[in-house]
Amino acid sequence: YSIKKGDNPLEISLPRSIEIMEGKQTKSDKYIIKEFAENSEIRVLNGRYGPYISAMKKNYKIPKEKEPKDLTLQDCLDVINQVGEKEPSKKTAVKKNKTKKAPKKKTVGKAKKSTAKKAKTTR
């Protein structure tokens, strides 16, 4: 369990530690909307983006016309089977944007003088 910044871990009292643990428990109780005793793998949970069905390590979206608290085990199984029957949508390949580099511009200005030395010829 995590303690708040104001609590000193070396001086925390027993009643305060119990309070922290109970607070964590009530928070996780809000997370679970419904559990089925017959099948413990299927649960209705409240997530970040709304309620959903969790079954066999997969998540399933609850249709908008259904109330999450009123779902039965059979309703959950129907939602899972409907999703399983749907064909996976075709995903189009993402085209990579191939950008060409612009050619380097030639600088306009004084040309450099060549520093080549003239070779001496001997006769």
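All values reported here derive from a predicted model rather than from experimental measurement.
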Inset, instruction - List the steps and the verdict of side chain to side chain contact (heavy atoms under 4.5 Å, CB included) for Val44 and Ile62. - result: CA-CA 9 Å; Val44 180; Ile62 297 174; 4.0 Å; yes
Inset, instruction - Compare every heavy atom of Ile42 with every heavy atom of Phe36, then report the nearest pair and how far apart it is. - result: CD1-O, 3.4 Å
Legend entry - Asp7 to Ile3 - nearest heavy-atom pair and separation: O-CD1, 3.7 Å
Legend entry - Nearest-0.5 Å distance that lies between atom CD1 in Ile33 and atom OG in Ser54: 12.0 Å
Legend entry - Interatomic spacing from OH in Tyr49 to CG in Asn59 - rounded to 0.5 Å: 13.0 Å
If you look only at distance, which donor and acceptor atoms sit under 3.5 Å apart when one is on a side chain in residues 66-78 and the other is two or more places apart or in another chain?
from, atom 1, to, atom 2, distance (Å)
Thr72, OG1, Asp75, N, 3.2
Thr72, OG1, Asp75, OD2, 3.2
Gln74, NE2, Asp78, OD1, 3.1
Asp75, OD2, Thr72, N, 3.3

Inset, instruction - Could you list all the salt bridge (Lys or Arg N to Asp or Glu O under 4.0 Å) pairs where at least one residue sits in residues 51-63, not counting sequence neighbours? - result: none
Legend entry - Criterion side chain to side chain contact (heavy atoms under 4.5 Å, CB included) on Ile32 and Asn46, from CA distance to verdict: CA-CA 6 Å; Ile32 299 171; Asn46 192 15; over 6 Å; no
Legend entry - Verdict with reasoning, Leu45 to Ile53, per side chain to side chain contact (heavy atoms under 4.5 Å, CB included): CA-CA 6 Å; Leu45 304 173; Ile53 298 170; over 6 Å; no
Inset, instruction - With sequence neighbours excluded, tell me which residues meet side chain to side chain contact (heavy atoms under 4.5 Å, CB included) with Ser13. - result: Pro15, Arg16
